[in-house]
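No hydrogens, no waters, no symmetry mates; every other heavy atom, side chains included, goes into these values.
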Amino acid sequence: TGALLVISTFTLLTVFVSFLSVKVPLLRPILDGDPLVLVENGKPNTANLKRQRLDLGEVLAEARLQQVTRLEDIQWAILESSGQISIIPA
């Protein structure tokens, strides 16, 4: 019975937060987050990397998965609100 109560509570909170995100556009950036630029024109944005507790190696690992081998070849690296890193090559 305790487990059922916990699962029900989390489910209701998830539905409530989703409802708020849709119905109150001003809350959407707070609840869902905004994309964040990690690399711009081949230069790392160290403030954003620190704020997200990422290091440059993690960004470069994602770049290699997308067939980009050098930092200078990255036009933009963006941390999406979903948590994935998008790489736009130069």
Side-chain angles (χ1 to χ4, degrees):
T1 59
L4 183 62
L5 182 63
V6 171
I7 292 170
S8 299
T9 303
F10 279 125
T11 302
L12 287 174
L13 281 174
T14 302
V15 170
F16 181 69
V17 168
S18 296
F19 176 79
L20 279 179
S21 178
V22 170
K23 293 294 183 183
V24 185
L26 291 175
L27 291 178
R28 193 169 297 141
I30 296 167
L31 296 174
D32 296 336
D34 285 329
L36 192 65
V37 175
L38 301 175
V39 176
E40 184 175 356
N41 297 322
K43 294 179 180 67
N45 185 328
T46 53
N48 286 345
L49 287 167
K50 278 185 184 179
R51 193 166 82 183
Q52 294 301 314
R53 294 187 179 105
L54 291 170
D55 65 2
L56 193 55
E58 292 172 295
V59 175
L60 291 172
E62 183 63 33
R64 285 190 299 274
L65 290 174
Q66 298 184 30
Q67 308 304 317
V68 178
T69 57
R70 299 180 326 145
L71 182 63
E72 296 80 26
D73 295 335
I74 299 174
Q75 180 73 33
W76 297 93
I78 301 170
L79 179 63
E80 303 292 350
S81 57
S82 65
Q84 290 198 302
I85 299 174
S86 298
I87 306 291
I88 294 104

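Taking 4.5 Å as the limit, some side-chain heavy atom of Ile87 sits within range of a side-chain heavy atom of Val68.
The structure places OG1 of Thr9 at 7.0 Å from CG of Leu13, a figure rounded to the nearest 0.5 Å. To the nearest 0.5 Å, atoms CZ (Phe10) and CG (Leu5) are separated by 10.5 Å.
Residues meeting the side chain to side chain donor-acceptor pair (under 3.5 Å) test with Ser81, sequence neighbours left out: none. Residues that satisfy the side-chain contact (heavy atoms from CB on, under 4.5 Å) test with Leu71, not counting sequence neighbours, are Val39, Pro44, Leu56, Leu60, Ile74. Taking the side-chain contact (heavy atoms from CB on, under 4.5 Å) definition, one finds that Thr11 meets it with Ile7, sequence neighbours left out.
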Using distance only, find each side-chain donor-acceptor pair of residues 20-31 under 3.5 Å and give its atom names and separation, not counting sequence neighbours.
{"residue": "Ser21", "atom": "OG", "partner": "Asp32", "partner atom": "OD2", "Å": "2.9"}
{"residue": "Arg28", "atom": "NE", "partner": "Ser21", "partner atom": "O", "Å": "3.1"}
{"residue": "Arg28", "atom": "NH2", "partner": "Ser21", "partner atom": "O", "Å": "2.9"}
{"residue": "Arg28", "atom": "NH2", "partner": "Val22", "partner atom": "O", "Å": "3.4"}

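Listed by first then second residue, pairs satisfying salt bridge (charged side-chain N to carboxylate O under 4.0 Å, His left out) with a partner in residues 73-84 read Arg70-Asp73, not counting sequence neighbours. Within the structure, the side chain to side chain donor-acceptor pair (under 3.5 Å) test picks out the following pairs touching residues 46-68 (sequence neighbours left out): Glu62-Gln66.
Clustering ILVMFWY residues whenever any of their side-chain heavy atoms sit less than 4.5 angstrom apart, transitively, puts Leu36 in the very cluster that holds Leu49.
Residues Glu40 and Asn45 bring no donor and acceptor atom of their side chains to less than 3.5 Å of each other.
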Point to revise | Residue pair Leu38, Ile85: steps toward the side chain to side chain contact (heavy atoms under 4.5 Å, CB included) verdict | key: CA-CA 9 Å; Leu38 301 175; Ile85 299 174; 4.2 Å; yes

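A 6.0 Å sphere centred on CD of Gln84 holds no more than 12 heavy atoms belonging to other residues, nucleotides or ligands.
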